[in-house]
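These notes concern the structure reproduced below.
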Amino acid sequence: MEILRSCIFHTPGNAFHNAAALTALPDGGLVIENGKIVACEDFAAIRTAFPDAPVRDLRDGYLLPGFIDTHIHFPQVRIIGGLGRSLLDWLDCITLPEESRLSESPYATELAQEFVHHLAVHGTTTSLVFGAHFPEAMRAFFAASARSGLRIISGLVLSDRKLFPELHQTPAAAFDASQQLIAEFHGQHRLRYAVIPRFALSASEAMLEVCQTLLRENPALHFTTHINENPLEVHEVAGLFPWAADYLAVYERYGLTGRRSILAHNVQATNSELRRLKAHHCSVAHCPASNAALGSGIFPMRRHLNAGVHFALGTDVGGGTGFGMLKEALQAYLMQRVAPDVLTLSPAQMLYLATRAGAEALALENETGDFQKGKAADYVYLRAPQGSVLAGALQDLSDPDSILAALITMAGPESIAEVHVEGDLVYENQLPH
Ligand SMILES: [Zn+2]
């Protein structure tokens, strides 16, 4: 047993439903035993309740729950920054050529190691990761993920039309390769498997049936894909599935919409789709940096809230601008601040979106996302580097909302001192402080 003494922030509830969802403990104690949280309260109360447990003094920094990224692509780690294009053009010119290179296993292995390292460096402890189109690349990725100690949900990406022919599988080959990967990796270490058609645009009806069968045969798996990102994409999907009333209807037809379904973007959603997403208990991965960078549009957050559709954050590397989940929360704030139906996110809502909302989207809310008793000790120890802008800003702040707002605005990877999953140290910043 160990007590961590620090300034602690977490959101044990939904910060959109409950104004008091933020727990801020200026002098807090987090008690950890066997990788699980035993208690999280004011340090004085913790000291009384656990008088003999050793204390680690982290009062020069802040403890936050590990960040949860619900949409990110491992093959795209080296193409961040391809600005000036919209979705389909960006796929053709930048993304798909790079994803084709993952047919070479040594390259896939190199990218996999690089990718999981960057997740840890940025404090992301749980992630739903879009994989590669090649089974061997996925073996390399799951192996790197297992070594990283991070909580990773991922899977082979399935496509059999459009895109580049070298990224296609036949539906039968996709089914066999997926079954083998599920048997090898689902439930191993901290890994889980997700069924992932790239999007309706690149999946035939036979391929969507494969996805349906995989989920029927393995009900514990997650499902993820893209939806309603860009107007031209939506238009092309309508042409390919003339029987479908809208984009969501394609996924509905194949039973791909449920509690473990996470659909990325949903910028162009109709009211009918929002109503049905809520009825199916699907979650949306909101990726504000990517939406801005690719000119996809402003996420209709207020409409999602009004419809009761759950959403969390995704960085969408490499359409997005980087791995930082606090930066992504800030980007959500910035976009909603200038949205036609302005919504001003509170620091609590931003923290919730970067942590607990992700756990809820992934049906992991009993396992991670905040510091409630019994959950895994997944946490980030933030410490502003000496002489940094953030360190200066924090000096005179005492109000918890202001401190949290400063951290969300300014704490980049240089401020992430340690990252732990189930209490295990998965990353330690070696920079002097
Ligand atoms: Zn994406």
Side-chain angles (χ1 to χ4, degrees), residues 1-6 8-15 21-23 25 28-41 46 49-50 53-54 56 58 61-70 72 116 119-129 142 144-154 185-194 220-222 259-260 262 283 312-313 325-326 351-382 416-428:
M1 181 178 283
E2 183 184 29
I3 299 173
L4 306 180
R5 182 177 190 182
S6 189
I8 298 173
F9 293 102
H10 70 129
T11 51
N14 185 320
L22 177 68
T23 297
L25 305 168
L30 183 67
V31 187
I32 296 171
E33 189 171 34
N34 299 324
K36 296 261 190 274
I37 292 163
V38 176
C40 180
E41 284 180 62
I46 292 290
F50 305 94
R56 188 167 172 225
L58 302 174
Y62 305 85
L63 292 182
L64 268 57
F67 306 134
I68 300 179
D69 190 337
T70 62
I72 183 165
V116 293
L119 282 179
V121 165
H122 287 79
T124 300
T125 50
T126 297
S127 190
L128 174 58
V129 180
F142 277 123
S145 298
R147 283 194 300 273
S148 74
L150 300 174
R151 210 182 284 287
I152 302 272
I153 307 169
S154 189
F185 297 106
H186 179 67
Q188 302 295 314
H189 304 275
R190 293 171 181 142
L191 308 178
R192 289 175 171 86
Y193 198 88
L221 301 187
H222 286 76
R259 173 68 181 90
R260 290 168 180 272
I262 294 91
S283 292
L313 286 178
M325 284 298 294
L326 293 181
L351 178 64
Y352 164 73
L353 283 175
T355 57
R356 188 184 157 96
E360 291 169 349
L362 301 173
L364 296 176
E365 68 275 10
N366 294 324
E367 198 170 324
T368 186
D370 60 53
F371 293 144
Q372 289 183 85
K373 184 179 175 183
K375 293 200 182 185
D378 295 358
Y379 63 92
V380 175
Y381 168 39
L382 284 176
I416 293 182
E418 289 178 19
V419 182
H420 294 251
V421 178
E422 288 186 87
D424 296 342
L425 181 70
V426 297
Y427 169 71
E428 185 172 11

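Residues take their numbers from the sequence shown, with the count starting at 1.
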Could you walk me through whether S127 and I72 pass the side chain to side chain contact (heavy atoms under 4.5 Å, CB included) check?
CA-CA 8 Å; S127 190; I72 183 165; 3.3 Å; yes

With side chain to side chain contact (heavy atoms under 4.5 Å, CB included) as the test, would you mind laying out the steps for M325 and V380 before giving the verdict?
CA-CA 12 Å; M325 284 298 294; V380 175; over 6 Å; no

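The aromatic rings of F371 and Y379 sit perpendicular to each other, their planes meeting at more than 60°, with 30° as the lower class boundary.
Between F185 and L191 the shortest heavy-atom distance is O-CB, 3.7 Å. The two residues H222 and L362 come nearest to each other via the heavy atoms NE2-O, 2.8 Å. Here the closest heavy-atom approach between residue A376 and residue I37 is recorded as O-CD1, 3.5 Å.
If you take CZ on R190 and CZ on R151, they are separated by 6.5 Å, rounding to the nearest 0.5 Å. Considering CD1 of I416 and CG of L382, their distance stands at 5.5 Å, rounded to 0.5 Å. Distance check, rounded to the nearest 0.5 Å: NE2 of H10 to OG1 of T23 gives 4.0 Å. Atom NE2 in H122 sits 11.0 Å away from atom CG in D69 (nearest 0.5 Å). Atom CZ in R5 sits 14.0 Å away from atom CG in L30 (nearest 0.5 Å). A distance of 9.0 Å separates CG in L4 from CD in E418, rounded to the nearest 0.5 Å.
Side-chain atoms of D378 come within 3.5 Å of backbone N or O of E422 as a donor-acceptor pair.
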